[in-house]
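Only one structure is covered here, and it is reproduced in the block below.
The first residue of the sequence shown is numbered 1, and numbering continues consecutively from there. As a basis for the values below, the full set of heavy atoms in this structure was taken, side chains included, without hydrogen atoms, waters or symmetry mates.
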Amino acid sequence: MADTAGCAWRYTSCVYTLCIVTGMSIGHTLLGLLEAGPRHGYDLKRAFDERFGHDRPLAYGQVYSTMSRLLKNGLVEVDGIESGGGPERKRYAITDAGITDVESWLAQPEKPEPYLQSTLYTKVVLALLTGRGAQQLLDTQRSEHLRLMRVLTQRKREGDLADQLVCDHALFHLEADLRWLELAAARLDQLAQEVRR
């Protein structure tokens, strides 16, 4: 949670969809992709990146370490091994246990993650405690939110339906953040009195 929450406020270096990717279960996602049929690790990486990794493609090492763990846990099996000029290529297939695991994961609701102690809130309080400009901090953050919203809106216009849905998800969260920024700005004097007691 800490990494995802931190990512949610560092928009200069990462986009909201990165938070989605890092928060998801890579193992379950790869298992779900295997339900279409056996695949090599390379093919799994490509399928993942096309569907979910626009902003942060999976590293090959992450694919193979995940597949090794799934193999050890009996959720996948080696469907074939091809040898050529390079290293042997394993083709993986999902097992019945793997299918059951995916079904169970899909049926579980995701825990809503309220930002009850966000980095931005912490910055506002510390700015007030130390006599710095909390209003400037909020204005700067608002500008950064608006910048990212323009980027995502452009991406949404150019993307397919899946990409549009991802961008909408991010935009709705950013809009909620903007409302909070406006509310915090309106209450800065009152908050300053409370935190300095």
Side-chain angles (χ1 to χ4, degrees), residues 1-8 10-11 13-115 148-149 151-175:
M1 172 60 188
D3 288 342
T4 304
C7 168
R10 290 193 308 272
Y11 289 123
S13 59
C14 62
V15 177
Y16 179 81
T17 44
L18 167 59
C19 299
I20 298 172
V21 171
T22 54
M24 74 166 56
S25 167
I26 303 299
H28 286 114
T29 306
L30 295 179
L31 282 173
L33 291 171
L34 277 175
E35 285 204 51
R39 299 186 190 202
H40 296 97
Y42 173 83
D43 297 323
L44 280 170
K45 172 185 163 41
R46 185 172 56 192
F48 182 98
D49 289 350
E50 286 175 1
R51 298 282 183 192
F52 312 109
H54 294 289
D55 299 305
R56 188 180 186 186
L58 275 183
Y60 282 104
Q62 190 172 11
V63 174
Y64 292 111
S65 64
T66 302
M67 295 312 297
S68 177
R69 180 174 42 81
L70 296 174
L71 186 63
K72 180 180 176 183
N73 292 334
L75 302 177
V76 298
E77 60 190 7
V78 175
D79 186 60
I81 299 178
E82 298 174 10
S83 53
E88 292 182 337
R89 293 181 58 197
K90 294 179 183 176
R91 187 173 58 246
Y92 298 95
I94 192 169
T95 62
D96 289 340
I99 292 172
T100 300
D101 200 57
V102 171
E103 287 174 352
S104 174
W105 178 64
L106 290 174
Q108 286 284 338
E110 288 298 305
K111 179 184 175 186
E113 296 288 356
Y115 293 106
L148 181 57
M149 290 177 80
V151 170
L152 291 172
T153 300
Q154 182 63 35
R155 173 175 162 178
K156 179 181 167 182
R157 280 193 205 104
E158 298 170 354
D160 58 15
L161 180 59
D163 211 35
Q164 290 169 16
L165 286 171
V166 168
C167 290
D168 278 336
H169 188 262
L171 286 165
F172 292 150
H173 280 77
L174 289 168
E175 287 170 6

Grab the two heavy atoms, one from [X] and one from [Y], that are nearest each other, plus how far apart they are.
{"X": "Cys167", "Y": "Leu152", "answer": "SG-O, 3.7 Å"}
{"X": "Ala47", "Y": "Arg39", "answer": "CB-NH1, 2.9 Å"}
{"X": "Thr66", "Y": "Gly27", "answer": "CG2-CA, 3.6 Å"}
{"X": "Gly74", "Y": "Ala97", "answer": "O-CB, 3.8 Å"}

How many angstroms lie between [atom1] in [X] and [atom2] in [Y], if you round to the nearest 0.5 Å?
{"X": "Leu70", "Y": "Leu34", "atom1": "CG", "atom2": "CG", "answer": "8.0 Å"}
{"X": "Leu30", "Y": "Leu75", "atom1": "CG", "atom2": "CG", "answer": "11.5 Å"}
{"X": "Leu71", "Y": "Tyr92", "atom1": "CG", "atom2": "OH", "answer": "6.5 Å"}
{"X": "Thr95", "Y": "Leu31", "atom1": "OG1", "atom2": "CG", "answer": "7.5 Å"}
{"X": "Arg91", "Y": "Ile81", "atom1": "CZ", "atom2": "CD1", "answer": "10.0 Å"}
{"X": "Glu82", "Y": "His40", "atom1": "CD", "atom2": "NE2", "answer": "3.5 Å"}

Would you say [atom1] of [X] has more than 12 non-hydrogen atoms from neighbouring residues, nucleotides or ligands within 6.0 angstrom?
{"X": "Lys45", "atom1": "NZ", "result": "yes"}
{"X": "Tyr60", "atom1": "OH", "result": "yes"}
{"X": "Asp96", "atom1": "CG", "result": "no"}

Exercise. With the threshold set at 4.0 Å, does a side-chain nitrogen-carboxylate oxygen contact exist between Asp43 and Arg46?
Worked result: yes
Problem set entry | Student check: side-chain heavy atoms of Ile26 and Phe48 closer than 4.5 Å | yes
Exercise. With no hydrogens and no angle check, is any side-chain donor or acceptor of Thr153 less than 3.5 Å from a backbone partner on Met149?
Worked result: yes
Problem set entry | Contacts of type ring-ring contact (aromatic ring centres under 6.0 Å, His included), residue His28, not counting sequence neighbours | Trp105
Exercise. Just one of Arg155, Arg157, Lys156 clears the salt bridge (charged side-chain N to carboxylate O under 4.0 Å, His left out) bar with Asp168, so which one?
Worked result: Lys156
Problem set entry | Residues forming a side-chain hydrogen bond (donor to acceptor under 3.5 Å, both in side chains) with Glu158, sequence neighbours excluded | Gln154
Exercise. Only one of Ile94, Val102, Leu44 clears side-chain contact (heavy atoms from CB on, under 4.5 Å) with Leu33; which?
Worked result: Leu44
